[in-house]
Number of protein chains: 2
Amino acid sequence: MDMPAPTGVTANCRRMSSVLSLIGDKWTVMIVMVLIERPRRFNDIKRTIGGISQQMLTRTLKALDRDGMVNRTVHPTVPPQVEYALTELGYSLAEPLRALGAWAGAHLEEIDGNRVRYDTVKGDELGKSAF
Amino acid sequence: MDMPAPTGVTANCRRMSSVLSLIGDKWTVMIVMVLIERPRRFNDIKRTIGGISQQMLTRTLKALDRDGMVNRTVHPTVPPQVEYALTELGYSLAEPLRALGAWAGAHLEEIDGNRVRYDTVKGDELGKSAF
DNA sequence: CTGTATCCCTCTTGATACTG
DNA sequence: CAGTATCAAGAGGGATACAG
């Protein structure tokens with residue numbers, strides 16, 4: 001190994017990369033957050049989230065099932081009912097997610113202000129002496 | 001307001017949606033993590049991350065600047081040197097990000113195992129009585 | 001109700017070349 | 001070195017129709 005003193009940063013990058021492909025898409029996070037409250041059935045999740053297509057919900061739930069984040073329970077009734085519940089692993093993700101949500105709540109407004117200011121400055125930049 | 005008892009879940013969803021468009025792409029997160037250690041110059045960041053195109057770096061840094069997550073300092077030398085440093089806001093995001101990284105470190109292996117098992121089971125499913 | 005398959009379109013991203 | 005512009009390619013995601 002001839003890498004020049006990685007300082008651990010690169011390693012962290014790789015790790016984050018894996019997490020991000022896991023929770024990087026919004027639907028995954030949304031579903032986890034919805035299921036934190038209680039287990040729900042397919043269309044229940046769909047309605048609660050709102051704006052998610054049937055296909056994306058199916059896909060994301062399947063991925064979460066595969067990762068062991070949710071449990072998929074089929075009740076052999078007619079019509080079929082399928083209930084999704086977070087596993088222990090799923091709940092454990094909920095924790096850092098909540099931290100992120102808290103951060104959002106604390107800073108989203110500030111960021112929005114920053115954007116407005118940035119855009120305003122950019123807009124005035126060309127003619128700032130003409131104020 | 002005639003919404004049927006949102007239970008807070010929907011509100012959380014909307015909030016998370018905002019965060020995710022913020023940090024949802026891997027480059028944003030990577031850059032923040034790289035800058036946690038110390039401020040860096042453009043190509044320094046590029047080299048440290050590795051695998052990011054010049055354009056994506058430029059774009060992402062601009063977005064981070066706009067959001068007030070990083071400070072962009074131009075040293076009027078020749079050739080020009082531009083240094084990027086996290087702002088207080090940037091550092092505050094680093095915190096929940098670290099939590100997420102910790103979660104990843106603790107569970108990524110487990111998830112990987114889950115996937116292998118899932119895929120194996122799926123493969124054997126058609127002949128599961130052959131157990 | 002739950003899930004699959006198909007089509008299609010948009011957005012993202014990388015590669016490349018060029019400017020200050 | 002830092003940044004911009006243009007183009008092409010691929011993934012992501014929605015709508016729809018259909019199946020179990």
Side-chain angles (χ1 to χ4, degrees), chain A residues 13 16-31 34-35 39-67 70-85 118-119 121-122 125-126, chain B residues 13 16-18 20-31 34-35 38-67 70-85 118-119 121-122 125-126:
Chain A
C13 278
M16 283 313 293
S17 187
S18 304
V19 199
L20 289 170
S21 30
L22 237 180
I23 65 149
D25 77 300
K26 60 176 184 176
W27 297 133
T28 296
V29 176
M30 294 244 194
I31 290 173
V34 164
L35 290 181
R40 285 173 189 267
R41 284 172 45 199
F42 188 88
N43 275 325
D44 192 2
I45 300 173
K46 190 164 184 300
R47 271 188 304 271
T48 305
I49 290 183
I52 186 175
S53 69
Q54 192 178 36
Q55 190 183 55
M56 283 318 296
L57 182 55
T58 302
R59 279 192 204 171
T60 312
L61 282 172
K62 183 179 289 183
L64 285 171
D65 185 22
R66 185 169 103 106
D67 290 343
V70 305
N71 272 327
R72 182 173 178 277
T73 310
V74 180
H75 300 286
T77 61
V78 43
Q81 298 191 359
V82 184
E83 192 175 69
Y84 292 90
Y118 185 96
D119 294 342
V121 171
K122 283 291 174 188
E125 207 150 79
L126 295 173
Chain B
C13 278
M16 284 313 294
S17 186
S18 303
L20 289 170
S21 27
L22 238 180
I23 65 148
D25 79 299
K26 61 176 182 174
W27 297 133
T28 297
V29 176
M30 293 243 192
I31 291 174
V34 164
L35 291 181
R38 59 178 168 84
R40 285 174 189 264
R41 285 170 46 197
F42 188 87
N43 274 323
D44 192 2
I45 300 173
K46 189 165 183 300
R47 273 188 303 271
T48 306
I49 291 183
I52 186 173
S53 68
Q54 192 179 34
Q55 190 183 56
M56 284 316 295
L57 183 54
T58 302
R59 278 191 204 173
T60 312
L61 283 173
K62 183 178 289 182
L64 285 171
D65 185 22
R66 185 169 102 106
D67 289 344
V70 305
N71 272 328
R72 182 173 177 276
T73 308
V74 180
H75 299 288
T77 62
V78 44
Q81 299 191 0
V82 184
E83 193 176 68
Y84 292 90
Y118 184 96
D119 294 343
V121 170
K122 282 293 174 186
E125 202 151 83
L126 295 173

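Each chain gets a letter, A, B and so on, in the order its sequence line appears, and its residues count up from 1.
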*Measure from the side-chain heavy atoms of A/R59 and tell me the nearest of D/dT4, D/dG14, D/dA2.*
D/dG14
*Answer yes or no: is there a side-chain heavy-atom contact under 4.5 Å between B/V82 and B/T73?*
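B/V82 vs B/T73: side chains apart.
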_Taking the side chain as everything from C-beta on, heavy atoms only, tell me whether B/Y84 gets closer than 4.5 Å to B/I45._
yes
Measuring to OP1 and OP2 of [N], would you say a side-chain N or O of [X] lies under 4.0 angstrom away?
X: A/K26; N: D/dG13; value: no
X: B/Y84; N: D/dG3; value: yes
X: B/R41; N: D/dC1; value: no

List the atom of [X], the atom of [Y], and the distance in Å for their closest heavy-atom pair.
X: A/L61; Y: A/V70; result: O-CG2, 4.1 Å
X: B/T77; Y: B/P79; result: OG1-O, 2.8 Å
X: B/R40; Y: B/L35; result: N-CD2, 3.8 Å
X: B/P76; Y: B/V74; result: CD-O, 3.5 Å

What's the [atom1]-[atom2] distance between [X] and [N], to the nearest Å?
X: A/L57; N: D/dG13; atom1: CG; atom2: C1'; result: 13 Å
X: A/I49; N: D/dG14; atom1: CD1; atom2: C1'; result: 15 Å
X: A/I52; N: D/dA15; atom1: CD1; atom2: P; result: 11 Å
X: B/I45; N: D/dA2; atom1: CD1; atom2: P; result: 9 Å

*Would you mind listing every salt bridge (Lys or Arg N to Asp or Glu O under 4.0 Å) that reaches into residues 46-66 of chain B, with sequence neighbours excluded?*
A/D119-B/R66
What's the separation between atom [atom1] in [X] and atom [atom2] in [Y], rounded to the nearest 0.5 Å?
X: B/R41; Y: B/Q81; atom1: CZ; atom2: CD; answer: 3.5 Å
X: B/M56; Y: B/Q54; atom1: CE; atom2: CD; answer: 12.5 Å
X: A/M30; Y: A/L57; atom1: CE; atom2: CG; answer: 12.0 Å
X: A/I31; Y: A/I49; atom1: CD1; atom2: CD1; answer: 4.5 Å

*Let me see the working for A/D67 and B/Y118 under side-chain contact (heavy atoms from CB on, under 4.5 Å), right down to the final yes or no.*
CA-CA 8 Å; A/D67 290 343; B/Y118 184 96; over 6 Å; no
Short heteroatom pairs, N/O only, protein and nucleotides 9-11 of chain D, under 3.5 Å:
none

*Check side chain to side chain contact (heavy atoms under 4.5 Å, CB included) between B/T28 and all other residues, then give those that pass, not counting sequence neighbours.*
B/D25, B/T60, B/L64
*asked:* On DNA chain C, compare the nucleotides closest to B/P79 and A/V82; which residue's is nearer the 5' end?
replied: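 Counting from the 5' end, the first nearest nucleotide belongs to A/V82.
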Check: protein-nucleotides 16-20 of chain D nitrogen or oxygen pairs below 3.5 Å:
none

*Should A/H75 and A/E83 be marked as a side-chain contact (heavy atoms from CB on, under 4.5 Å) after you check the CA-CA gap, both sets of side-chain angles, and the distance that decides it?*
CA-CA 8 Å; A/H75 300 286; A/E83 192 175 69; 4.2 Å; yes
*On DNA chain C, which is the earliest and which the latest nucleotide, 5' to 3', with an atom closer than 4.0 Å to a heavy atom of chain B?*
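In short, chain B contacts DNA chain C from C/dT13 to C/dG20.
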*So what stems show up for DNA chain D if we need 3 or more Watson-Crick or G-U pairs in a row, all under 3.5 Å?*
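Correct response: C:1-20 with D:1-20.
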